[in-house]
Student: 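This is the structure, below, for whatever I ask next.
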Number of protein chains: 2
Amino acid sequence: MELLFLGTGAGVPAKQRNVTSIALKMLNERGAVWLIDCGEATQHQILHTTLKPRRIEKIFITHLHGDHIFGLPGLLGSRSFQGGTGPLTVYGPAGIRAFIETALRVSSTHLQYPLFIEEIEEGIVFEDSHMAVTAGKLDHGIDSYGYRFAEKDKAGELLVEKLRADHIPPGPIYKQIKEGQTVKLPDGRIIDPVPYISDPQPGKIITVLGDTRQCPEAVLLAKEADVLVHEATFNAENEKMARDYFHSTTVQAAETAVQAGAKKLCLTHISSRYIKEEEQQLLKEAFARFESVIIAHDFLEVPID
Amino acid sequence: MELLFLGTGAGVPAKQRNVTSIALKMLNERGAVWLIDCGEATQHQILHTTLKPRRIEKIFITHLHGDHIFGLPGLLGSRSFQGGTGPLTVYGPAGIRAFIETALRVSSTHLQYPLFIEEIEEGIVFEDSHMAVTAGKLDHGIDSYGYRFAEKDKAGELLVEKLRADHIPPGPIYKQIKEGQTVKLPDGRIIDPVPYISDPQPGKIITVLGDTRQCPEAVLLAKEADVLVHEATFNAENEKMARDYFHSTTVQAAETAVQAGAKKLCLTHISSRYIKEEEQQLLKEAFARFESVIIAHDFLEVPID
Ligand SMILES: [Zn+2]
Ligand SMILES: [Zn+2]
């Protein structure tokens with residue numbers, strides 16, 4: 001899995017940073033890409049990557065501010081135009097359905113694939129054998145959700161070399177052992193499966209928060225996450241402004257990462273007021289509280305490992 | 001006046017051409033810019049020009065296909081965010097109001113300027129002392145309008161040098177002469193104003209058509225236009241495809257320019273299937289019928305003179 005940042009700016013597009021969108025690439029794991037948020041010109045950003053719109057299986061919208069949703073109608077239409085036929089589901093706060101349906105209806109956009117729209121509430125919004133996605137409400141004036149993407153633990157692998165070394169012959173019993181069954185061999189031996197299965201691999205946890213003030217729900221969502229993506233619209237000294245506009249500072253984002261015990265923090269939603277050198281200052285502020293931190297930029301790809 | 005092409009592609013954005021938007025710059029004439037159409041990422045294109053969103057006074061939408069309107073919500077919001085306070089009017093086919101109002105409502109976008117939305121029909125959609133704008137319905141499957149922007153004739157200038165040469169002394173009578181009044185001088189002479197006023201300057205005519213098949217209404221809208229902007233989604237040999245998809249070929253656009261007696265033709269809405277060399281072929285096809293033709297590209301500026 002990788003996180004690919006498609007837009008890392010705040011509020012309005014700027015030359016250096018487009019408005020928000022993040023791709024969670026799971027091409028090896030499920031042959032699919034999920035998007036979190038879809039600001040205007042997300043499909044334009046995708047043109048400069050290897051992402052294929054038809055691979056986008058789900059889009060999770062954190063909140064309905066324009067810089068997080070105005071790219072949706074165009075992306076949905078282009079995915080169809082470019083031959084996407086697989087179903088796509090959009091998850092988002094109440095109102096996302098009216099926005100999408102009005103845009104598609106007015107523009108006579110007829111999609112060549114099934115589109116599902118789910119207006120979410122707190123709790124598990126999606127789960128299958130690979131992933132569970134939990135949404136929690138943050139503190140942003142309007143409904144803003146954070147999403148916790150929790151990969152399921154991977155079952156242990158059968159240790160074939162060890163079976164062979166112990167002269168346990170291949171056959172259907174290998175499958176039984178892998179499934180954890182105790183088996184009896186033709187030679188009378190009783191085989192306990194446990195020593196022949198490697199430890200299960202814990203699934204990765206990626207938490208992506210919508211715009212928010214510092215809040216306890218953010219800590220819950222990010223609990224022991226491998227990667228936490230957190231907005232940092234303001235620098236440390238603008239704490240009052242962050243509060244007034246329902247945003248966070250660099251330091252607040254870092255504090256949330258510390259409280260959650262997250263392993264890595266990616267700061268995004270960076271205001272265009274902070275140019276090159278000031279960006280280093282933002283990083284320093286967060287680093288003073290939490291050392292595994294980076295500032296995202298458009299097209300940054302972060303491996304989840 | 002100048003036409004500045006912000007997006008010249010067809011259907012979906014491509015690296016070389018964004019989806020449709022054209023700026024009619026009238027900074028000297030009325031301190032304002034008008035837009036025709038506003039595809040997704042029009043505001044991003046504007047970032048690469050000297051245009052100021054707050055100077056955008058009117059937006060004329062030709063039709064509601066997504067590649068002509070999906071940039072509206074973002075542009076309207078950013079104009080406000082960037083300090084635009086002057087009123088703005090959007091003209092477009094029925095449905096444009098629902099699209100804009102839903103997008104702004106759902107996204108909690110509160111504009112800091114008065115926004116007017118006028119759902120148009122055929123006829124004069126705007127007129128003041130400088131400009132008259134007439135809309136006419138084209139042939140595109142859904143309602144698609146062409147707009148004829150007719151600048152008012154400029155009154156003749158007072159020929160001050162000539163007045164002086166004839167020993168007509170300056171004073172309030174200069175104003176009377178300029179207004180076309182016959183005046184009597186203190187020395188008894190009766191002055192006919194006509195010789196002292198230059199010929200009126202005919203206003204310029206710019207016609208910008210929405211997507212369309214070749215049709216008589218297009219010729220009417222473009223009658224003696226100084227510049228005709230016409231789509232050319234297909235090359236000459238794809239006439240059947242153009243007809244099936246309610247579009248025009250290069251040759252059809254040129255024929256409309258000929259029939260209308262237009263002075264200059266700008267082809268736009270160029271499909272991304274035509275790359276560099278094929279573009280020259282498109283130009284040749286049109287040129288064979290009408291010699292004053294160019295193919296627009298993103299950021300091309302065409303002076304109206
Ligand atoms: Zn927001
Ligand atoms: Zn169209």
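Order of the sequence lines fixes the chain letters, A, B, ..., with proteins taken first and strands second; residue numbering starts at 1 for each chain.
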Student: Please classify the contact of Ala94(A) with chain B as side chain, backbone, both or neither, using a heavy-atom distance under 4.5 Å.
Tutor: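 Neither part.
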Student: Quick check on Leu47(A) against chain B: is it the side chain, the backbone, both or neither that has a heavy atom closer than 4.5 Å?
Tutor: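 When you check distances to chain B, atoms from both the backbone and side chain of Leu47(A) fall under 4.5 Å.
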Student: Please output the residues of residues 231-250 of chain B in contact with chain A, using a heavy-atom cutoff of under 4.5 Å, in numerical order.
Tutor: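 At a heavy-atom separation under 4.5 Å, chain A is reached by no residue of residues 231-250 of chain B.
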Student: Within this structure, what is the OG1-CD1 distance for the pair Thr102(A) and Ile100(B), rounded to the nearest 0.5 Å?
Tutor: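 Rounded to the nearest 0.5 Å, the OG1-CD1 separation comes out at 12.5 Å.
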Student: Measuring heavy-atom distances to chain B, does His44(A) have an atom under 4.5 Å in its side chain, in its backbone, in both, or in neither?
Tutor: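 Interface part for His44(A): side chain.
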Student: Does atom CD (Glu121(B)) have a neighbourhood of more than 12 heavy atoms from anything else shown, all under 6.0 Å?
Tutor: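 Open.
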Student: Measure the CG-CZ distance between Leu104(B) and Phe99(A) for me, rounded to the nearest 0.5 Å.
Tutor: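 One finds 10.0 Å between CG of Leu104(B) and CZ of Phe99(A).
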Student: Is it the case that over 12 heavy atoms from other parts of the model lie below 6.0 angstrom from the CZ atom of Arg213(A)?
Tutor: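 Yes, the 6.0 Å shell around CZ holds more than 12 heavy atoms from other groups.
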Student: Under 4.5 Å from any heavy atom of chain B, what part of Phe81(A) do you find: side chain, backbone, both or neither?
Tutor: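 The side chain, not the backbone.
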Student: Take Phe70(B) and Thr109(A), measure what side chain to side chain contact (heavy atoms under 4.5 Å, CB included) needs, and give me the verdict at the end.
Tutor: CA-CA 12 Å; Phe70(B) 284 165; Thr109(A) 304; 4.3 Å; yes
Student: Under a 4.5 Å cutoff for heavy-atom pairs, which residue among Pro73(A), Ser78(A), Pro93(A) has the most contacts with chain B?
Tutor: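 Among the listed options, the one with the most contacts to chain B is Pro73(A).
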Student: Quick check: are there more than 12 heavy atoms from other residues, nucleotides or ligands sitting under 6.0 Å from CD of Gln281(A)?
Tutor: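 Yes, CD of Gln281(A) has more than 12 neighbouring heavy atoms, counting only those of other groups under 6.0 Å.
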Student: Is Asn18(A) in contact with chain B via its backbone, its side chain, both, or neither, using a 4.5 Å heavy-atom distance?
Tutor: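 The answer is the side chain of Asn18(A).
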Student: Shortest non-hydrogen contact from Gly74(A) to Glu40(B)?
Tutor: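 Taking Gly74(A) first and Glu40(B) second, the nearest heavy atoms are CA-OE1, 3.5 Å.
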Student: Find the one option among Ser108(A), Ala103(A), Gly77(A), Gly66(A) whose heavy-atom pairs under 4.5 Å with chain B are most numerous.
Tutor: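 Of the options given, most contacts go to Ala103(A).
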Student: Sort out for me which of Gly95(A), Ala14(A), Ala41(A) touches chain B most, counting heavy-atom pairs under 4.5 Å.
Tutor: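 Most heavy-atom pairs within the cutoff with chain B belong to Ala41(A).
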Student: May I ask you to test the His48(A)-Lys15(B) pair for a side-chain heavy-atom distance under 4.5 Å?
Tutor: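 His48(A) reaches Lys15(B) side chain to side chain.
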Student: So what's closer than 4.5 Å to chain B heavy atoms on Ser80(A): side chain, backbone, both or neither?
Tutor: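 Contact with chain B is absent: no heavy atom of Ser80(A) under 4.5 Å.
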